Amino acid sequence: MPCQILFFDQPRSGSHMLLRMLTERQTNVKVLERLFSESRGPQITWLQSKDYANGVDPQVREKWKQEIEKGLSQWRSAEAEVKANDHTLLIFCHAFFPVAPETILHYLDNISAPSLPSMNFTAVPDELLLTPDTKLLLSIRDPRLAVPSAYRTMAKMSLASGGGRSNYLVTTNLIWSRAMYDFFRAQGRETLIVDFDTLASPAYVRALSAKLGLHPANVATEWPAATKDEIDRTHPMYYASQSTLIKSSGFISGKMAKGVDFAEEERKWQDEFGEDAALVKEMVELTMPHYQYLYERRWQM
């Protein structure tokens, strides 16, 4: 089994479902879920400020830095634990969480660039990111579904208009996944890109599990839906983002891109999002080239 799997996901790409499929029944995998998630608060505070393009407030930066250090400490502790037990460590995180404000600004300024220098753009040092036998797993989904879904989710979290244009752009754009893919490929590391629609095939998920060094027989393709009591005990913010998965009992085919009339979907945006329909469309258009780049390189059996 590999010593480390880095699962960096596109928000609203079915990544929590894929994580459940891959790890729920595994016995030798330690999962650090949503690592660095506490750094997201300072990041949102900065991105929602009127003068975010001029830099970050020192107090906000210090809070972000503290949360990153906490995440790195958790990573190092988990790394030592799995080595001692001969287990696999799976890091599950949005790629834009552990990214410094200056780096985010640089990427936002080059959001439509066909390619960017291959580099480790995160605050995670190479000795953690590129340990021996590390594999990179990226989840993607058609932006015409993922971007509107992100808007709806953030609205449930009281982040109107996607939390503002800059925050919505950082959250929905696949430039982070593309840059991570290019960096790992340049390092000669194995990188697996998974598109949401392929998860409809249990055989595909089992093959993916084997490719990652996990046990295919332990893949979960069905699970009991949460009870009312379990839902009532779920944190409201977590439920806002994961209600579909929580209430599900397996893959939800109705969320697939296959068979969707996207021209009709876009016409519905005006009624659903009102003045923000133009913002949703802009975010889709800005991330679509990166999605197509990654989709062409997706892992196939």
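Heads up: numbering here begins at 1 and tracks the sequence. The structure presented is a predicted model; accordingly, all values stated were derived computationally and were not measured.
- Aromatic pair W176/Y107: ring centres closer than 6.0 Å.
- Residues F262 and V284 fail the side-chain proximity criterion, which asks for heavy atoms closer than 4.5 Å.
- By the ring pair (Phe, Tyr, Trp, His ring centres under 6.0 Å) test, F7 pairs with F92, sequence neighbours left out.
- With rounding to the nearest 0.5 angstrom, the CG atom of L286 is 12.5 Å from the NZ atom of K281.
- Among residues at least two apart or in separate chains, there is no salt bridge (Lys or Arg N to Asp or Glu O under 4.0 Å) pair with a member in residues 289-298.
- By the 4.5 Å heavy-atom criterion applied to side chains, L174 and Y181 are not counted as neighbours.
- Between the side chain of T131 and the main chain of T134, no donor-acceptor pair closer than 3.5 Å is present.
- No side-chain donor-acceptor contact under 3.5 Å links T172 to the backbone of V147.
- In plain terms, the two heavy atoms of V280 and P148 that are nearest each other are CG1-CG, 4.0 Å.
- Every pair tested for side chain to side chain donor-acceptor pair (under 3.5 Å) that includes a residue from residues 45-58 fails, sequence neighbours excluded, so the list is empty.
- When all heavy atoms of P289 and R178 are compared, the pair lying nearest together is O-NH1, 4.2 Å.
- The backbone N or O of I175 sits less than 3.5 Å from a side-chain atom of N173, completing a donor-acceptor pair.
- A heavy-atom distance below 4.5 Å is not found between the side chains of W64 and V60.
- In the displayed structure, R152 atom CZ is contacted under 6.0 Å by more than 12 heavy atoms of other residues, nucleotides or ligands.
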- Go through the steps to decide whether T171 and R40 satisfy the test side chain to side chain donor-acceptor pair (under 3.5 Å), and finish with yes or no. CA-CA 10 Å; T171 303; R40 181 70 171 128; 2.8 Å; yes
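- R233 has no carboxylate O lying under 4.0 Å from a charged side-chain N of D229, or vice versa, which leaves the two without a salt bridge.
- A salt bridge is defined here as a Lys NZ or Arg NE, NH1 or NH2 lying under 4.0 Å from an Asp or Glu carboxylate O, and E272 with K268 fails to meet this definition.
- With K135 contributing its side chain and K211 its backbone, the two residues share a donor-acceptor pair below 3.5 Å.
- The backbone N or O of H215 sits less than 3.5 Å from a side-chain atom of Q26, completing a donor-acceptor pair.
- Side-chain atoms of R206 never come within 3.5 Å of backbone atoms of V219 as a donor-acceptor pair (strictly under, hydrogens ignored).
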Using atom types as modelled, flag every donor-acceptor pair under 3.5 Å from a side chain in residues 70-79 to any protein atom, sequence neighbours excluded.
residue: W75; atom: NE1; partner: Q4; partner atom: OE1; Å: 2.9
residue: S77; atom: OG; partner: S73; partner atom: O; Å: 3.1

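- Residues passing the side chain to side chain donor-acceptor pair (under 3.5 Å) test with D276, sequence neighbours excluded: Y151, S161.
- Between F97 and H94, the two ring planes are perpendicular [angle over 60°; tilted spans 30° to 60°].
- A 6.0 Å sphere centred on CD of E127 holds more than 12 heavy atoms belonging to other residues, nucleotides or ligands.
- Considering only heavy atoms from C-beta on, M154 comes within 4.5 Å of N167 through its side chain.
- Contact of the L199 side chain with the V205 side chain is registered, since non-hydrogen atoms from C-beta on lie closer than 4.5 Å.
- The salt bridge (Lys or Arg N to Asp or Glu O under 4.0 Å) search around R267 returns E264, not counting sequence neighbours.
- Using a cut-off of 4.0 Å between Lys/Arg side-chain N and Asp/Glu carboxylate O, E67 and K63 are scored as salt-bridged.
- Cation-pi contact between R141 and F196: present, with separation from the ring centre below 6.0 Å and deviation from the ring axis of at most 45°.
- Note: L22 CG to L18 CG = 4.5 Å, rounded to the nearest 0.5 Å.
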